[in-house]
Number of protein chains: 2
Amino acid sequence: MTTPGRGLHGRVLDSLGPAITAGEYPPGSVLRTDELAQHFEVSRSVMREAVRVLESMHLVESRRRVGVTVRPKAEWNVYDPQVIRWRLAGADRPHQLRSLTVLRSAVEPVAAGLAATNATARQCAELTECALGMVANSRGHRLDQYLVHDVAFHRVVLNASGNEMFARLGDVVAEVLTGRTHHEVMFEDPDPAAVTLHVQVAEAVRAGDAVRAEELTRQITVGALRELDILAP
Amino acid sequence: MTTPGRGLHGRVLDSLGPAITAGEYPPGSVLRTDELAQHFEVSRSVMREAVRVLESMHLVESRRRVGVTVRPKAEWNVYDPQVIRWRLAGADRPHQLRSLTVLRSAVEPVAAGLAATNATARQCAELTECALGMVANSRGHRLDQYLVHDVAFHRVVLNASGNEMFARLGDVVAEVLTGRTHHEVMFEDPDPAAVTLHVQVAEAVRAGDAVRAEELTRQITVGALRELDILAP
DNA sequence: GTGATGTATAAGTCTGACTTTTTGTGCCGG
DNA sequence: CCGGCACAAAAAGTCAGACTTATACATCAC
């Protein structure tokens with residue numbers, strides 16, 4: 001699904017990044033570049049590049065005469081897609097999934113409202129296409145195909161909003177939806193009400209009805225929150 | 001305000017990062033590590049570390065036998081605080097400010113609603129303190145002090161939401177508020193209505209009234225959107 | 001035209017020596 | 001006993017150079 005680490009430093013990151021985000025090295029821990037290089041059997045230059053990347057994600061801080069110290073969780077760049085993937089792959093996956101779903105519930109309705117006024121004809125067409133694809137695969141345990149269209153749907157909405165910050169959350173939403181399907185409720189068919197809501201959102205966007213698109217999307221995200229027991233049913 | 005680049009590679013980034021985000025090297029441009037190293041008068045190792053960081057921000061892609069190519073804007077990690085700062089310092093500052101304000105308008109109301117149910121007594125106290133500080137400095141061209149309290153206020157709300165993704169947007173909001181004060185309307189005193197709204201939000205959060213806190217904060221963000229002519233007055 | 005082969009290129013890797021900053025310590029004087 | 005100052009050790013930071021590897025592109029055979 002995700003491109004594995006390019007080059008040696010990438011493979012080091014694939015191993016060290018998840019270890020840090022998983023709390024294997026608790027905040028305040030001090031690592032030394034030379035030891036890490038030995039442990040991963042790479043040269044110091046490669047190790048230094050890996051540390052630089054971790055530093056740019058605010059996962060660690062490198063200081064002279066001290067070493068590489070792990071920063072407190074609150075300072076991590078939690079919007080970095082790489083960090084998100086590492087955390088989703090780790091132990092606090094459920095917690096991460098909740099945080100991201102709450103974020104979705106704030107962003108997606110507003111994005112849908114903007115999409116209603118900004119979407120191009122092409123995007124409207126894609127939207128209805130995705131919605132139809134969801135309908136077509138909503139019964140008979142065709143969850144894989146359903147998921148593909150669901151992800152595409154939300155991606156188009158975020159892109160159509162015309163706001164680059166929203167657009168960049170497409171990957172995040174994709175991860176959340178995929179994670180939910182593959183780990184929570186992969187047995188049953190999707191909620192028919194949710195499917196209907198997606199179709200209606202597509203209609204509202206096409207009709208340019210911002211208020212309606214926003215409200216309908218809010219209902220979709222409310223459903224997502226309920227699934228994770230963040231809201232009472 | 002922001003920590004300048006630590007070490008040589010940091011100084012290279014301070015120069016190269018803004019150049020890329022400003023479009024000085026348009027997407028698709030190919031740079032070569034050796035040339036860059038010469039240009040910045042640093043060794044290849046230092047240059048490589050800088051490129052690695054840019055790569056982790058998805059600003060560039062490094063491929064063998066090709067060089068370092070600048071990626072299209074749509075792929076940049078626009079949530080990276082460093083990238084945000086670089087862009088705010090550059091030419092498309094107005095555009096960036098708009099995008100971020102729209103993001104605020106989506107996130108902050110929801111965050112305020114959550115804060116109403118999750119804020120600790122300590123946080124409630126801080127909130128009223130900030131609000132009072134805003135009131136005290138809302139007249140007589142004391143914009144600097146007003147700004148300090150305004151930033152602190154929104155930071156507390158985002159932290160009190162209990163959602164780590166929201167909390168991490170504190171820096172972004174701070175940049176937006178600071179940017180607005182220092183470049184848009186720094187002559188006149190702040191809108192009295194906005195000041196009142198902040199006080200009322202503090203009250204609502206303290207009272208645990210989530211719906212009211214959300215609605216009031218929505219009014220604040222609507223005001224921010226109007227200021228940038230994103231919404232009609 | 002298509003496919004195999006070769007080659008030049010730029011990134012990737014490694015090593016070792018050297019520099020610089022910073023922390024901690026220990027000595028000395030007060 | 002304490003405060004400050006100088007010194008030494010430790011770890012990151014920097015550099016230069018040699019070597020390796022992947023790959024785009026051109027060339028050639030069919």
Side-chain angles (χ1 to χ4, degrees), chain A residues 2-17 19-20 25-72 75-77 82, chain B residues 2-17 19-20 24-72 75-76 82:
Chain A
T2 305
T3 46
R6 300 290 201 211
L8 266 190
H9 91 282
R11 250 171 289 166
V12 171
L13 280 174
D14 286 342
S15 169
L16 189 54
I20 293 176
Y25 303 95
S29 308
V30 177
L31 314 170
R32 265 154 306 171
T33 315
D34 288 9
E35 278 188 12
L36 289 173
Q38 277 191 6
H39 178 255
F40 290 108
E41 300 177 306
V42 295
S43 67
R44 289 199 314 285
S45 11
V46 168
M47 196 61 228
R48 284 179 54 76
E49 288 172 24
V51 168
R52 281 277 169 274
V53 173
L54 294 175
E55 200 175 27
S56 87
M57 297 168 172
H58 277 70
L59 293 185
V60 303
E61 187 184 2
S62 178
R63 273 169 54 201
R64 276 183 151 134
R65 169 59 172 137
V66 173
V68 179
T69 62
V70 178
R71 303 182 83 143
E75 295 175 14
W76 297 351
N77 278 0
Q82 183 98 94
Chain B
T2 304
T3 46
R6 300 288 203 214
L8 267 190
H9 91 280
R11 250 171 290 165
V12 171
L13 281 174
D14 286 342
S15 167
L16 189 52
I20 293 176
E24 208 165 306
Y25 303 95
S29 308
V30 177
L31 314 171
R32 263 155 309 169
T33 314
D34 288 8
E35 277 188 12
L36 289 173
Q38 276 192 6
H39 178 255
F40 290 107
E41 298 176 307
V42 295
S43 67
R44 285 190 313 137
S45 5
V46 168
M47 197 60 229
R48 285 179 55 75
E49 289 172 26
V51 169
R52 282 278 170 271
V53 173
L54 294 176
E55 199 176 27
S56 87
M57 297 168 172
H58 277 68
L59 293 185
V60 304
E61 186 184 4
S62 178
R63 275 168 54 201
R64 275 185 151 133
R65 171 52 213 243
V66 173
V68 178
T69 60
V70 179
R71 303 181 84 144
E75 295 175 14
W76 297 351
Q82 183 99 96

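First the proteins, then the strands, lettered A, B, ... as listed; each starts at 1.
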Supply the atom-to-atom distance [X] [atom1] to [Y] [atom2], rounded to the nearest 0.5 angstrom.
| X | Y | atom1 | atom2 | answer |
| --- | --- | --- | --- | --- |
| Leu31(B) | Thr69(B) | CG | OG1 | 8.5 Å |
| His9(B) | Arg48(B) | NE2 | CZ | 14.0 Å |
| Met57(B) | Met57(A) | CE | CE | 9.5 Å |

- Side-chain N or O of Arg32(B) closer than 4.0 Å to phosphate OP1/OP2 of dA10(C):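 Affirmative; the distance criterion is met.
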- Query: With distance as the sole criterion, is a donor-acceptor pair present between the side chains of Ser56(B) and Ser56(A) under 3.5 Å?
  - Reply: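 The criterion, which ignores hydrogens and geometry beyond distance, is satisfied for Ser56(A) and Ser56(B).
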- Report which part of the nucleic acid Arg6(B) touches: base, sugar-phosphate, or nothing (heavy-atom distance under 4.0 Å, all strands). nothing
- Task: For Val51(A), answer base if it contacts any base atom (sugar-phosphate contacts may also be present), sugar-phosphate if it contacts only those atoms, and nothing otherwise; contact means non-hydrogen atoms under 4.0 Å.
- Result: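 The residue Val51(A) makes no contact with any strand.
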Within this structure, what is the [atom1]-to-[atom2] distance between [X] and [N], rounded to whole angstrom?
| X | N | atom1 | atom2 | answer |
| --- | --- | --- | --- | --- |
| Leu8(B) | dT19(C) | CG | P | 15 Å |
| Asp34(B) | dA11(C) | CG | C1' | 9 Å |
| Arg64(A) | dG24(C) | CZ | P | 17 Å |

- Message: Tell me which residues in residues 36-50 of chain A lie within less than 4.0 Å of DNA chain D, going by non-hydrogen atoms.
- Response: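 Contacting residues: Arg48(A).
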- Task: Return yes if some donor-acceptor pair links the side-chain N/O of Asp14(A) with the main-chain N/O of Gly5(A) below 3.5 Å, else return no.
- Result: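 Confirmed, Asp14(A) side chain pairs with Gly5(A) backbone.
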- With no hydrogens and no angle check, is any side-chain donor or acceptor of Trp76(B) less than 3.5 Å from a backbone partner on Arg71(B)?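 Yes; judged by distance alone, with no hydrogens or angles, the pair exists.
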- Lys/Arg-Asp/Glu bridge criterion (N-O < 4.0 Å) met for Glu55(A), Arg52(A): yes
- Item | 5' priority, DNA chain C, between Arg63(A) and Gly7(A) [closest heavy atom] |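 Its nucleotide being nearer the 5' end, the pick is Gly7(A).
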- Going 5' to 3' along DNA chain D, which nucleotides are the first and last within contact of chain B (any atom under 4.0 Å from a heavy atom)? dT14(D) to dA24(D)
- Message: Among Val68(A), Leu36(A), Asp34(A), which residue satisfies the side chain to side chain contact (heavy atoms under 4.5 Å, CB included) criterion with Met47(A)?
- Response: Leu36(A)
